[in-house]
Amino acid sequence: MINEEKSLNFIEEIIEEDLRNGAHDGRVLTRFPPEPNGYLHIGHAKSICLNFGLGQKYNGKTNLRFDDTNPVTEDTEYVESIKNDIQWLGFSWAQELYTSDYFDTLYQYAVDLIKKDLAYVDDSTAEEIAAAKGTPTEPGVPTPNRSRSIEESLVLFQEMKDGKYQDGEKVLRAKIDLANPNMHLRDPLLYRIKHAHHHRTGNKWCIYPMYDFAHGQSDSIEKITHSICTLEFIPHRALYDWCIEKLEIYPSKQYEFARLNMTYTVMSKRKLLQLVNDKFVESWDDPRMPTISGLRRRGYTPASIRAFCDKIGVAKRENMIDVSLLEFCIREDLNKTAWRRMAVLDPIKLVITNLPTDHIEELHGENNPEVEGGEGSRMIPFSNELWIERDDFMEDAPKKFFRLGPGLSVRLKNAYIVTCHDFVKDANGQVIEVHCTYVPNSKSGEDTSGMKVKGTIHWVSVPHAKETEIRLYDRLFNDENPAASENFKESINPDSLKISKAYIEPDLLNAIPGKGYQFIRLGYFTLDTSSSPDHLVFNRTVGLKDSWAKEVKKGQ
């Protein structure tokens, strides 16, 4: 069959069993069915990777089908953003479809159920219907319209379609079993009236199918073989199967897997919308958001998200995934692909006193030492005045401080060894300049000095440095499980974004949008979408190490 490098997940086991038994004529056709009422997030990415991945693995296909059954919340903006996200993740769909493509067929299916006395028009209010459904321990009771004749329901349903009634005035319900222990089978709603403009069908319809009715029938129309949903749809599966059986249509099958829950993150569209509307974040693509567009803007790569989804696997039970695994995946990917550059975030000036003030030298720096050949190199200007990080100098350095201090030597990255012999303070006692001498025959790659130093620091030439805005992003929540509380906004991390200035080497003026850069010793960064040639903005994607793990360990 297929050579496996790791064990199959339970859905793959089902598919392989179906293929052995010749089910579905040996086909595999999955679908990804997003609602076009918001932006996709990392949880959707898991579903995308699963559905499209199965299609690829078993020489099958995957349809993209927009569940556009609620015109009040839907917009073409969301349709386009969803398509963009899926393509960015590296997947292509067999067909782009919409539930609205099937509105005529779904309406006819509903008529067929009425004709079989398996559906009826109910005039009851939403409150009356809810009360009549009973409780998990008490059976429901019929509303007065349950005994309505087939002929009358057919006429009323046609009148609902024709716009004769107002929103909420009537609904179409399935006639199943009011005593069923599964509340979803107690005469569920199939259609409701909504006088609203639809982004694709305009004003043609004023009745719209409920998701539970449209879902299975749309799968059947497309001949979906494996309809994969999250665990909350387990109780809905009985209705999915009931409709297909009673309508005698293609028997698509539904399977459920655990949705993604991740620490320090909320996944609920409702809660994410609150964050946007209440201005806790800039927008849906704010780099602190778990949306795919937010992760992309922050500098996450398609490969890192696919690797994350592969590592967490497909489970039957809910679990909580540590966000540090996602951060590990992007570090692992960027370490292999990010170009190395130098930037100084908290600058202090270093003056090389044994170089003339007009000294300018071009040095070479590899783009990526992790790749054979280094992916080329760039020229780095070097002068007698450099910016270095303030914490790379200490006036009273402890024994194992392998950076700069009086009498201490370090290597300047891609350059020379320097030794500190003096420093200058301002009126407030703060060090503002570090004075060093350089060792002429210690140039990186050509060192004949014989000197051994343990530390290497980064730098940027003062006359060549370019100023840029740096956005240091961190986790949006301090609470490990913010989703557990309705007051989730109370655990917003006030330090989730810090904006500062930095000096960068001039080659970063040519930074490529969407590419990752490792600012040596500082972290991984990418150009923000708001950046312009006159105002460069870089976002920190992730630090070089998991600093949160250290903090948690300290607190234990």
Side-chain angles (χ1 to χ4, degrees), residues 67-72 99-135 138-198 201-221 235-236 238-250:
D67 169 35
D68 54 348
T69 55
N70 186 358
V72 176
T99 302
S100 55
D101 294 336
Y102 312 133
F103 279 175
D104 288 295
T105 303
L106 293 171
Y107 175 80
Q108 189 55 54
Y109 283 161
V111 169
D112 291 345
L113 289 176
I114 296 172
K115 288 178 177 178
K116 293 182 176 185
D117 200 22
L118 294 173
Y120 60 98
V121 173
D122 196 342
D123 305 343
S124 306
T125 65
E127 295 74 20
E128 289 168 342
I129 291 172
K133 275 198 171 185
T135 69
E138 296 177 355
V141 295
T143 55
N145 304 127
R146 195 173 197 265
S147 57
R148 185 167 256 159
S149 70
I150 292 173
E151 293 71 24
E152 187 180 5
S153 280
L154 286 171
V155 170
L156 292 172
F157 190 49
Q158 177 67 48
E159 290 176 346
M160 287 168 62
K161 177 177 179 287
D162 293 341
K164 186 174 179 179
Y165 305 107
Q166 298 303 307
D167 291 10
E169 203 171 336
K170 295 183 188 298
V171 294
L172 182 71
R173 298 176 67 184
K175 188 186 289 188
I176 307 178
D177 179 7
L178 292 170
N180 198 291
N182 183 344
M183 300 287 286
H184 291 277
L185 292 182
R186 295 188 185 180
D187 290 13
L189 270 60
L190 303 181
Y191 268 86
R192 78 285 207 203
I193 301 170
K194 273 186 183 289
H195 290 273
H197 181 84
H198 190 281
T201 60
N203 296 317
K204 177 182 176 181
W205 294 89
C206 60
I207 58 170
Y208 292 93
M210 303 297 291
Y211 178 78
D212 273 358
F213 179 62
H215 174 211
Q217 280 55 258
S218 298
D219 283 347
S220 178
I221 292 167
H236 301 248
L239 179 58
Y240 182 104
D241 292 341
W242 182 90
C243 289
I244 284 175
E245 177 194 341
K246 300 304 179 186
L247 289 166
E248 302 177 70
I249 54 180
Y250 182 83

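Side chains are part of it too, since the values below use all heavy atoms of this structure and drop only hydrogens, waters and symmetry mates.
- Between the side chain of Asn180 and the main chain of Arg186, no donor-acceptor pair closer than 3.5 Å is present.
- Across every non-hydrogen atom of Tyr102 and Ser218, the tightest pair is CD1-OG, 3.5 Å.
- The shortest side-chain heavy-atom distance between Tyr109 and Ile221 falls under the 4.5 Å cut-off.
- Residues His236 and Tyr211 keep their aromatic ring centres 6.0 Å or farther apart.
- Atom NZ of Lys116 and atom CD1 of Ile150 lie 11.5 Å apart (nearest 0.5 Å).
- Counting heavy atoms from C-beta outward, His198 and Phe103 have side chains that approach closer than 4.5 Å.
- Residues Pro71 and Lys194 meet the side-chain proximity criterion, which asks for heavy atoms closer than 4.5 Å.
- Without hydrogens or angle criteria, Arg192 side chain to Gly168 main chain gives no donor-acceptor distance under 3.5 Å.
- Using a 4.5 Å heavy-atom threshold, the side chains of Thr105 and Gln217 count as separate.
- The two residues Tyr120 and Ala174 come nearest to each other via the heavy atoms CE2-O, 3.8 Å.
- Interatomic distance, OG1 of Thr201 versus CG of Asp68, reported as 7.5 Å (0.5 Å rounding).
- Under the 3.5 Å distance criterion, the side-chain polar atoms of Glu128 are matched with a main-chain donor or acceptor of Thr125.
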> Between Val141 and Leu178, does a side chain to side chain contact (heavy atoms under 4.5 Å, CB included) hold up when you go through it step by step?
Replying inline: CA-CA 6 Å; Val141 295; Leu178 292 170; 5.8 Å; no
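- Cation-pi geometry between Lys170 and Tyr165 is satisfied (NZ or CZ under 6.0 Å from the ring centre, within 45° of the ring normal).
- Put simply, the side chain of Lys115 reaches to within 4.5 Å of the side chain of Leu154, judged on heavy atoms.
- Taking the side chain as every heavy atom from C-beta outward, Leu106 and Thr99 approach each other to under 4.5 Å.
- In this structure a side-chain-to-backbone donor-acceptor pair under 3.5 Å is missing from Asp162 to Lys164.
- Here Glu159 contributes atom CD and Ile207 contributes atom CD1; the two are 12.0 Å apart, rounded to the nearest 0.5 Å.
- Taking the side chain as every heavy atom from C-beta outward, Glu152 and Asn145 never approach each other to under 4.5 Å.
- Applying salt bridge (Lys or Arg N to Asp or Glu O under 4.0 Å) to Asp187 and the options Lys175, Arg146, Lys133 leaves one that passes, Arg146.
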>> Is there a side chain to side chain contact (heavy atoms under 4.5 Å, CB included) between Arg173 and Thr143? Walk through the geometry before answering.
In response: CA-CA 11 Å; Arg173 298 176 67 184; Thr143 55; 3.7 Å; yes
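- Residues Asp122 and Ser124 have side chains that bring a donor and an acceptor to within less than 3.5 angstrom of each other.
- The nearest pair of heavy atoms linking Asn182 to Pro235 is ND2-O, 2.9 Å.
- Using cut-offs of 30° and 60° on the angle between ring planes, the pair Tyr107 and Tyr191 is perpendicular.
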>> Could you go through Leu189 and Ile129, starting from their C-alpha distance and side-chain angles, then the distance that decides it, and tell me whether this counts as side chain to side chain contact (heavy atoms under 4.5 Å, CB included)?
In response: CA-CA 10 Å; Leu189 270 60; Ile129 291 172; 4.3 Å; yes
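- Between the CG atom in Asp177 and the CG atom in Leu185 there is a gap of 7.5 Å [rounded to 0.5 Å].
- When only modelled atom types and interatomic distance are considered, Asp112 and Gln108 share a side-chain donor-acceptor pair under 3.5 Å.
- With hydrogens and angles disregarded, no donor-acceptor distance shorter than 3.5 Å links the side chain of His215 to the backbone of Asp67.
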> Between Tyr240 and Asp219, does a side chain to side chain contact (heavy atoms under 4.5 Å, CB included) hold up when you go through it step by step?
Replying inline: CA-CA 10 Å; Tyr240 182 104; Asp219 283 347; 2.8 Å; yes
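- Interatomic distance, CD1 of Ile193 versus CE of Met160, reported as 4.5 Å (0.5 Å rounding).
- Without hydrogens or angle criteria, Ser153 side chain to Val121 main chain gives a donor-acceptor distance under 3.5 Å.
- Using a 4.5 Å heavy-atom threshold, the side chains of Leu113 and Phe213 count as touching.
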